[in-house]
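Remember, predicted model here, so these are calculated numbers, not experimental data. Quick note: numbers below take in every heavy atom, side chains included, and nothing from hydrogens, waters or symmetry partners.
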Amino acid sequence: MATHSASSDVPGGPVPAEDKILETGASMIQDFQPTKQLCAHLNAFHTYADEPGRYVEANHYCAHLTEDVRQCILYDSPSPNARLIGIEYMITPKLYASLPPEERKLWHSHVYEVKSGMLIMPGPTTPGLQQAWEAAETQEMKHVIGLYGKVYHLWQTDRGDALPLGEPKLMTSFTADNQFDFEKAVGERDKRFGTDWKRKKELREGIEVPQIHRDADAAWKRRNSM
């Protein structure tokens with residue numbers, strides 16, 4: 001499964017020097033306000049709503065629109081040449097409850113991502129700084145655990161597509177153990193980021209688990225009913 005950027009697989013040669021010069025000038029003159037609002041980097045795994053179990057690692061770069069709405073740009077890695085693979089919106093339970101029933105089926109919960117230690121906010125790994133960061137991360141997880149997400153991937157990097165092909169794919173979250181090879185996928189991710197899902201899980205034991213709306217996580221309910 002795709003876990004890190006492979007820009008060498010993207011068609012085309014190196015960016016021409018002329019383009020680099022123009023981009024440098026534009027970055028000095030233009031004001032990229034929407035992207036300047038990004039305030040958090042999260043990492044987790046998404047699975048295809050029409051093929052639960054097939055998964056992709058996603059790096060989320062998120063911003064708040066309001067207290068109740070967040071929006072995230074998704075990349076296949078945190079590297080400078082990362083490929084933009086999708087988008088995710090996150091909303092609070094009160095907004096989720098206001099949606100039509102069929103719309104609610106497109107959204108997923110974040111409870112398992114948080115409580116399992118899968119969802120992380122990559123940060124410093126040096127002693128002292130790491131503990132302070134983990135405390136802040138755990139506090140943020142208390143907010144994220146109750147949110148509902150709607151996510152579409154545009155580029156199926158896990159199957160080796162050199163370009164974003166086909167229609168956008170609705171994705172969803174994992175909701176329980178044994179839905180994929182958690183220890184292998186998350187363990188390999190942890191090695192790259194210097195994190196430990198087991199420690200995250202332990203630190204989050206005290207986070208209260210909210211009640212998940214019956215219409216959320218529809219992909220897994222469809223699969224389990226077959």
Side-chain angles (χ1 to χ4, degrees), residues 39-60 62-72 74 86-121 134-153 169-183 185-186 189 195-226:
C39 60
H41 171 205
L42 298 94
N43 177 286
F45 292 81
H46 294 155
T47 187
Y48 289 81
D50 63 356
E51 196 176 342
R54 178 185 165 202
Y55 64 90
V56 178
E57 181 180 340
N59 289 275
H60 309 53
C62 304
H64 288 263
L65 280 178
T66 68
E67 180 184 7
D68 297 306
V69 181
R70 305 183 188 195
Q71 58 184 9
C72 306
L74 310 180
I87 53 172
E88 179 168 4
Y89 301 98
M90 299 182 190
I91 60 175
T92 54
K94 69 177 182 181
L95 288 185
Y96 179 78
S98 72
L99 299 174
E102 287 304 309
E103 172 64 25
R104 288 198 294 257
K105 294 178 182 179
L106 303 176
W107 297 71
H108 62 266
S109 66
H110 288 97
V111 172
Y112 181 76
E113 287 186 7
V114 171
K115 296 293 282 187
S116 67
M118 175 201 296
L119 182 63
I120 62 169
M121 295 178 65
E134 285 179 333
E137 178 189 60
T138 302
Q139 184 62 31
E140 177 63 11
M141 291 300 136
K142 293 178 182 179
H143 299 289
V144 175
I145 194 169
L147 299 179
Y148 292 91
K150 183 179 184 181
V151 56
Y152 282 94
H153 280 207
K169 302 290 286 187
L170 178 68
M171 309 294 280
T172 190
S173 62
F174 289 102
T175 59
D177 294 334
N178 303 316
Q179 290 178 340
F180 78 126
D181 193 343
F182 184 102
E183 293 202 13
V186 180
R189 185 278 311 274
T195 54
D196 181 357
W197 66 266
K198 294 179 181 178
R199 175 173 169 78
K200 305 289 187 187
K201 182 177 181 178
E202 181 178 345
L203 290 171
R204 299 171 188 176
E205 285 182 354
I207 297 179
E208 184 177 353
V209 176
Q211 182 175 355
I212 301 173
H213 196 286
R214 64 181 180 276
D215 290 335
D217 306 317
W220 290 108
K221 292 171 183 174
R222 284 195 301 269
R223 178 180 174 178
N224 295 336
S225 65
M226 292 179 180

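Ion pair Lys198/Glu183 not flagged as a salt bridge, since none of the NZ, NE, NH1 or NH2 atoms sits closer than 4.0 Å to an Asp/Glu carboxylate oxygen. Under 4.0 Å is where a charged nitrogen must lie from a carboxylate oxygen, and between Glu134 and Arg199 at least one such pair does.
With rounding to the nearest 0.5 Å, the separation of CD in Glu137 from CG in Leu119 is 7.5 Å. In this structure, Lys201 NZ and Ile207 CD1 are separated by 13.0 Å, a value rounded to the nearest 0.5 Å. One distance of note links NZ of Lys150 with NZ of Lys105; it measures 14.0 Å at 0.5 Å rounding. Residue His46 holds its NE2 atom at 6.0 Å from CG of Leu74, rounded to the nearest 0.5 Å.
The closest side-chain heavy-atom distance from Leu99 to Ile91 is below 4.5 Å. You'll find the side chain of Pro52 stays beyond 4.5 Å of the side chain of Gln179, heavy atoms only. Residues Lys169 and Glu51 are not in side-chain contact: their nearest non-hydrogen atoms beyond the backbone lie 4.5 Å or more apart. With a 4.5 Å cut-off on side-chain heavy atoms, Leu42 and Cys62 count as touching. Residues Leu65 and Tyr89 are not in side-chain contact: their nearest non-hydrogen atoms beyond the backbone lie 4.5 Å or more apart. In this structure, the side chains of His108 and Glu88 come closer than 4.5 Å at one or more pairs of heavy atoms. Within the 4.5 Å cutoff, the side chain of Thr47 has heavy atoms near those of the Trp220 side chain. With contacts defined as side-chain heavy-atom distances shorter than 4.5 Å, the pair Tyr112/Asp177 qualifies.
Among all heavy-atom pairs drawn from Gly206 and Lys115, the shortest one is N-NZ, 4.4 Å.
Aromatic pair His213/Tyr96: centroids less than 6.0 angstrom apart.
Just one residue in the list Trp197, Phe174, Tyr55 forms a side chain to side chain contact (heavy atoms under 4.5 Å, CB included) with Phe182, and that residue is Trp197.
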